[in-house]
K.L.:
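Structure below; questions to follow.
All figures in this text were calculated on a predicted structure; none of them were measured in a lab. For ligands, and for the atoms within them, numbers begin at 1 and follow the listed sequence. Only heavy atoms go into these numbers, but all of them, side chains included; no hydrogens, no water, no symmetry mates.
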Amino acid sequence: MSWALGWAAYRMPFTRPVATARGRLAFRAGAILWLAGPDGVRGLGEVAPLPDLAERELGRALGLLEELRGEIERGEPDLERLLAGWRDGMPAGRALRAALETALLDARARQAGLPLARWLSAEARTAVPVNAVVTAPSIEAAADEARGAVAAGFRTVKLKVGVAETEAAEVERVAAVREAIGSGVRLRLDANGGWTSEQAVRLLRRLAVYEIDLVEQPVPAGDLEGLAAVRRRAPVAVAADEAVTGPETARRILELEAADALVLKLPVTGGIASAREIAELAVERGCAVIVTSAFEAGVGLAAALHLAAALPGLSPASGLATAGLLAATLTDESLLPRRGCLCLPAGPGLGVSIDRAALDRWRQGREGR
Ligand SMILES: O=C(O)CCC(=O)c1ccccc1C(=O)O
Ligand SMILES: [Mg+2]
């Protein structure tokens, strides 16, 4: 007997304005994918290219999926072979690879009767500490959001930067957030590639007094030399995020000593196996790893949560407190954090099931069967 494959694309609004250095995000586009194996076992995955490119890259990923359907339905998909050539080069290929791999792993862990994290590692945790993400553009609203996060029990707050009109306003916004959260809470910044290397060094020298834990992707993803320069010259730890597109780029970043931490996003690394390989490389070199969502719905978010729970010695908070940012998770599980921690769902595999009514509500355009 053969495998069956289906998917449904979705498009839904964010619940509050998400301001990033790459512009304002209003909608999240992606697709939920399901695989059914010969013995009745099923697995879920999510195709969720980074939100600012999602609509275009999703179309590409689903086009590729359409082409691969016949081959996938003939037997257990050999991901390496199916996506050869797409694996590292194309954002759509990596996002699709992550989705197919997630569905296969979900199916296997369900068959074994274990939560995916536990199936991946005997030492897996059952909950992970997570950071709040502050996305409000204005100074006052950002400070309010940060204050609310601390009141809700978060011990790490991440602020999107590269958002203000001037450098003075940027500094004022960070100062206001530090003031709002007090001195005991960790503060992370994320510039989403919005600064030049010179600008990042200049700003970070001014921002260091606000006790910044680290800054994610201060310069564009392609500028690894610039990233290394920021790390050498600025008094703030640096994390590579959008730059971490697979073990090859991770190796280059580590060789250049360009980062103190690597951020792992499943649609960017191309899935869990690749993310774990990167984590191993990083830890060997004394570089931290941080697992975050890419603002996926519940299936992709659960996959990232299982990865985070399975990684040994992951210490910084994970960027997984994002379920509430989207109109729906499309799953029966809410995946909302409590007191700064996110618990793994209890069931086997990913531990999530599709909320049919929600999927019908947000379903959009292309679908496969
Ligand atoms: O890290 C977090 O707390 C949330 C995830 C996040 O910020 C994010 C979500 C989608 C795309 C990019 C990013 C990012 O970290 O840059
Ligand atoms: Mg980031």
K.L.:
Any N or O on T322 sitting closer than 3.5 Å to an N or O of ligand 1?
P.N.:
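No, T322 has no N/O under 3.5 Å of an N/O on ligand 1.
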K.L.:
Of all the atoms in ligand 1, which lie at a distance below 4.0 Å from a heavy atom belonging to D241?
P.N.:
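Within the 4.0 Å cut-off of D241, ligand 1 contributes 14 (C), 15 (O), 16 (O).
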K.L.:
Between V161 and R173, which heavy-atom pair has the shortest distance, and what is it?
P.N.:
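Distance-wise, the nearest heavy atoms are CA-NH1, 4.1 Å.
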K.L.:
At the Mg ion (ligand 2), what is the angle formed between atom OD2 of D190 and atom OE1 of E216, rounded to the nearest 10°?
P.N.:
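Centred on the Mg ion (ligand 2), the OD2/OE1 angle is 80° (to 10°).
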K.L.:
Indicate yes or no: does E216 engage K158 in a salt bridge with an N to O separation below 4.0 Å.
P.N.:
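Here E216 pairs with K158 in a salt bridge, since their nearest N and O are under 4.0 Å apart.
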K.L.:
Hey, which atoms in ligand 1 end up nearer than 4.0 Å to a heavy atom of A294?
P.N.:
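Atoms satisfying the 4.0 Å criterion: 9 (C), 10 (C).
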K.L.:
Which of the atoms in ligand 1, numbered in the order shown and given with their element, are less than 4.0 Å from a heavy-atom of E242?
P.N.:
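Those of ligand 1 that fall under 4.0 Å from E242 are 16 (O).
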K.L.:
Note the single closest protein heavy atom to atom 5 (C) of ligand 1, along with its residue, its atom name and the distance in Å.
P.N.:
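Minimum-distance protein heavy atom for atom 5 (C) of ligand 1 reads S293 O, 3.4 Å.
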K.L.:
If only atom types and distance count, is the side chain of T249 paired as donor or acceptor with the main-chain N or O of T245 below 3.5 Å?
P.N.:
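Indeed, once roles are kept as given, a pair shorter than 3.5 Å links the two residues.
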K.L.:
Check each atom of ligand 1 against the heavy atoms of D190 and keep those under 4.0 Å away; list them by number with element.
P.N.:
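Selected atoms, number and element: 14 (C), 15 (O), 16 (O).
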K.L.:
Students should be able to answer this: which protein heavy-atom is nearest to atom 7 (O) of ligand 1, and at what distance?
P.N.:
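The closest heavy atom on the protein side is K158 NZ, 2.9 Å.
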K.L.:
Taking R28 for the side chain and F295 for the main chain, is one N or O donor matched with an acceptor at less than 3.5 Å?
P.N.:
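Yes; at least one donor-acceptor contact below 3.5 Å.
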K.L.:
Is E242 close enough to the Mg ion (ligand 2) to have an N, O or S atom under 2.8 Å?
P.N.:
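Short answer: no, not a single N, O or S atom is under the cut-off.
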K.L.:
For E57 and A92, indicate whether the former's side chain and the latter's backbone hold a donor-acceptor pair under 3.5 Å.
P.N.:
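Yes, the answer is positive, given that a donor and an acceptor are paired below the 3.5 Å cut-off.
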K.L.:
Which atoms of ligand 1 sit under 4.0 Å from any heavy atom of P51?
P.N.:
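Every atom of ligand 1 under 4.0 Å from some heavy atom of P51: 10 (C), 11 (C).
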K.L.:
Look only at the side chain of D213 and the backbone of L187, and say whether a donor-acceptor pair between them is shorter than 3.5 Å.
P.N.:
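Not confirmed, D213 side chain does not pair with L187 backbone.
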K.L.:
Hey, does the side chain of T156 reach the backbone of N131 with a donor-acceptor pair shorter than 3.5 angstrom?
P.N.:
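No, T156 side chain to N131 backbone: no donor-acceptor pair under 3.5 Å.
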K.L.:
Quick one: look up the protein heavy atom nearest atom 16 (O) of ligand 1 and list residue, atom name and how far away it is.
P.N.:
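In this structure, atom 16 (O) of ligand 1 has N192 ND2, 2.6 Å as its nearest protein heavy atom.
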K.L.:
Under a 4.0 angstrom heavy-atom cut-off, which atoms of ligand 1 come close to K160?
P.N.:
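Once the distances to K160 are compared, the set is 6 (C), 7 (O), 8 (C), 13 (C), 14 (C), 15 (O), 16 (O).
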K.L.:
Is there a donor-acceptor pair closer than 3.5 Å between any side-chain N or O of R178 and the backbone N or O of E211?
P.N.:
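Yes: the side chain of R178 pairs with the backbone of E211.
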K.L.:
Of all the N, O or S atoms in D241, which one sits nearest to the Mg ion (ligand 2)?
P.N.:
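Restricting D241 to its N, O and S atoms, the minimum distance to the Mg ion (ligand 2) goes to OD2.
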K.L.:
Where is the nearest protein heavy atom to atom 3 (O) of ligand 1: which residue, which atom, and how far?
P.N.:
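Residue, atom and distance for the closest contact: N131 ND2, 2.8 Å.
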K.L.:
Backbone N or O of E46 within a donor-acceptor pair of the E296 side chain at under 3.5 Å?
P.N.:
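Flag not set: sc E296 to bb E46 has no pair under 3.5 Å.
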K.L.:
Under 4.0 Å between a side-chain nitrogen and a carboxylate oxygen: does that hold for E55 and R11?
P.N.:
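Judged by the 4.0 Å cut-off on N to carboxylate O distance, E55 and R11 do form a salt bridge.
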K.L.:
Yes or no: does K265 have any heavy atom under 4.0 Å from an atom of ligand 1?
P.N.:
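Per 4.0 Å heavy-atom rule, K265 contacts ligand 1.
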K.L.:
What part of Q217, side chain from CB on, backbone N/CA/C/O, both or neither, has a heavy atom under 4.0 Å from ligand 1?
P.N.:
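Neither part.
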